[in-house]
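Report on the structure given below.
Just so it is clear, the model here is predicted, and its values are computed rather than measured.
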Amino acid sequence: MSLVQAAHEAEASSAFKDIPIIDLKEIDKPGPTIRKALADAVRDACMNVGFLYVKNHGISEDIIERAFAASKEFFSLPLEKKMELDIRKAANFKGYNPILSSNNDPLNRGDLHEGFEFGWEEVDTPYYNKKRAVDGVMTGANVWPSELPGFRESVLSYYHAAVNLGRKLFPLFALALDLPENFFDDKTKNAAAIMRVLHYPPQTGPMDDRVIGIGAHTDADFNNLLRSFEVCRAPLSRPRNILHCFTILWQQPEIQALQVLNKQKQWIDAPPIPGTLVVNLGDQFARWTNDIFKSTVHRAINRSGVRRYSMPLFFGTDYDVKLEPIPSCVSPMRPPKYDIVTAGEYVKERLTATYGH
């Protein structure tokens, strides 16, 4: 069965009720049977849900805990200190964004979280690595808080561990698309990955669905969603990201916030599961695969009554790569849906829309 035929079957299937868990314990084994089984599981999740959990992912709890602790320490700084690193001062969108300064859903009044954003940098190479000049419109150095000398090393250690995991996932995505395992190798040489550490204060007092942790968002085929949906609890609108191929997300344990929207306009909880990370597809994969891989609408609402933290890493193709449809994802019945742009141009355009500069 062709990819296009499989996509049509998936689109006609019933709505998902839960998110699959995929075990990566054999991801490094070369056997074709093992690789095909993993790729088939990934393909099913990507076509039907757009989200999956991965366990035995290879990132140590020590690396995770150190990054988590560093994040809490950063967000405990006085606001004026954090604002010295205001993301709006940087043309490449690196640094701190305060509460309500971003808005993923234009019908909402803002996102109830604060964050800190950074990109590739070697842990043992202080600050800007000049090889990042290949980043084109996204070129530029990270910024770091001078008050917390251990923050940079802790979050970059997690960043590189997550990037290594992402590099192992790309061959599985290629196999899931009936492509050679190395299809993405020459398109992901420079790890165009952006990481954010996020802090969600608890939502107390009267609930306002126009101010939630992160508004409903994604960008894949959303016009079709708007035509088929009437009213959801959080207003649906043309969303603004996820911008990259996929996200690798760590969620703070025991605090439910992430929700994923299925085709029956039901919000499905995606709670933290011990020992797992969440992987969800983004707009670059949706564009590349002509929406055969789903970039699914999702949001985060922290109704727990306590502070919540998360760490998403957005893994994309190199910024100079053109996002043009894979030939096997196009047919006369499924013509290309998107204009061709470079990844860097697309990311910068969407970040400009999100942060307003």
Side-chain angles (χ1 to χ4, degrees), residues 2-4 24 27-32 34-36 38-40 42-43 46-47 54 57-58 92 118-122 125 128-140 159-195 219-220 241-248 279-293 295 313-330 336-351:
S2 72
L3 278 173
V4 170
L24 299 181
I27 194 171
D28 293 320
K29 294 185 178 180
I34 293 171
R35 304 293 287 169
K36 184 179 186 307
L38 277 173
D40 286 348
V42 167
R43 177 170 169 163
C46 292
M47 286 187 171
V54 292
H57 47 71
N92 64 344
F118 57 96
W120 177 276
E121 186 175 313
E122 298 287 356
T125 303
Y128 187 47
N129 184 339
K130 292 184 179 179
K131 79 175 185 178
R132 302 312 304 174
V134 299
D135 287 349
V137 296
M138 290 296 290
T139 296
Y159 173 98
H160 285 284
V163 165
N164 288 338
L165 172 59
R167 290 193 185 282
K168 293 181 179 182
L169 291 175
F170 266 113
L172 294 182
F173 288 124
L175 289 175
L177 290 165
D178 295 334
L179 298 168
E181 281 199 45
N182 64 356
F183 177 81
F184 295 109
D185 288 0
D186 64 343
K187 303 168 184 64
T188 55
K189 292 185 291 187
N190 295 299
I194 293 175
M195 179 170 158
D219 198 36
N241 48 347
I242 300 297
L243 311 172
H244 294 75
C245 289
F246 56 89
T247 302
I248 298 172
V279 176
N280 66 282
L281 302 188
D283 296 348
Q284 286 187 12
F285 256 153
R287 296 176 76 98
W288 239 340
T289 67
N290 205 30
D291 282 343
I292 284 179
F293 276 9
S295 182
L313 179 124
F314 308 98
F315 204 135
T317 180
D318 295 347
Y319 289 127
D320 61 348
V321 172
K322 289 184 178 180
L323 299 175
E324 49 191 344
I326 295 167
S328 59
C329 298
V330 177
K337 298 183 178 184
Y338 300 103
D339 295 333
I340 297 173
V341 296
T342 67
E345 291 166 342
Y346 179 69
V347 170
K348 187 162 188 176
E349 174 194 341
R350 306 315 293 175
L351 288 174

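Residues His244 and Phe315 are not in side-chain contact: their nearest non-hydrogen atoms beyond the backbone lie 4.5 Å or more apart. Taking the side chain as every heavy atom from C-beta outward, His57 and Lys168 never approach each other to under 4.5 Å. When side chains are defined from C-beta on, Ile248 does not count as touching Val54, because their heavy atoms never get closer than 4.5 Å. Val321 places a side-chain heavy atom less than 4.5 Å from the side chain of Trp288. Looking at Leu313 and Leu165, their side chains never come closer than 4.5 Å, going by heavy atoms from C-beta outward. Asp178 is not listed as a side-chain neighbour of Ser328, based on a closest heavy-atom distance of 4.5 Å or more. Residues Arg287 and Ile340 form no side-chain contact, since every pair of their non-hydrogen atoms from C-beta on lies 4.5 Å or further apart.
For the atom pair CG of Leu323 and OH of Tyr346, the computed distance is 8.5 Å after rounding to the nearest 0.5 Å. Here Leu172 contributes atom CG and Asp40 contributes atom CG; the two are 10.5 Å apart, rounded to the nearest 0.5 Å.
Closest approach of Ala174 and Pro180 over heavy atoms only: CB-O, 3.2 Å. Across all non-hydrogen atoms, the minimal contact from His160 to Glu121 is NE2-O, 2.7 Å. In terms of heavy atoms, Val4 sits closest to Val330 at CG2-N, 4.1 Å. When all heavy atoms of Phe285 and Cys245 are compared, the pair lying nearest together is CD1-O, 3.2 Å. Pairing each heavy atom of Val163 with each of Ala193, the nearest pair is CG2-CB, 4.0 Å.
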*asked:* Using the rule given for side chain to side chain contact (heavy atoms under 4.5 Å, CB included), can you reason through Leu3 versus Met47, listing the C-alpha separation, both sets of side-chain angles and the distance that settles it, and then say yes or no?
replied: CA-CA 10 Å; Leu3 278 173; Met47 286 187 171; 3.6 Å; yes
*Take Lys187 and Asp318 through the side chain to side chain contact (heavy atoms under 4.5 Å, CB included) test and state the conclusion after the steps.*
CA-CA 6 Å; Lys187 303 168 184 64; Asp318 295 347; 5.7 Å; no
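Between Phe184 and Phe170, the ring planes are tilted. Angles from 30° to 60° get that label. Relative orientation of the Trp120 and Tyr159 rings is perpendicular, given thresholds of 30° and 60° on the angle between their planes.
Heavy-atom contacts from other residues, nucleotides or ligands closer than 6.0 Å to CG of Asn182 number more than 12.
With hydrogens and angles disregarded, a donor-acceptor distance shorter than 3.5 Å links the side chain of Arg35 to the backbone of Ile27.
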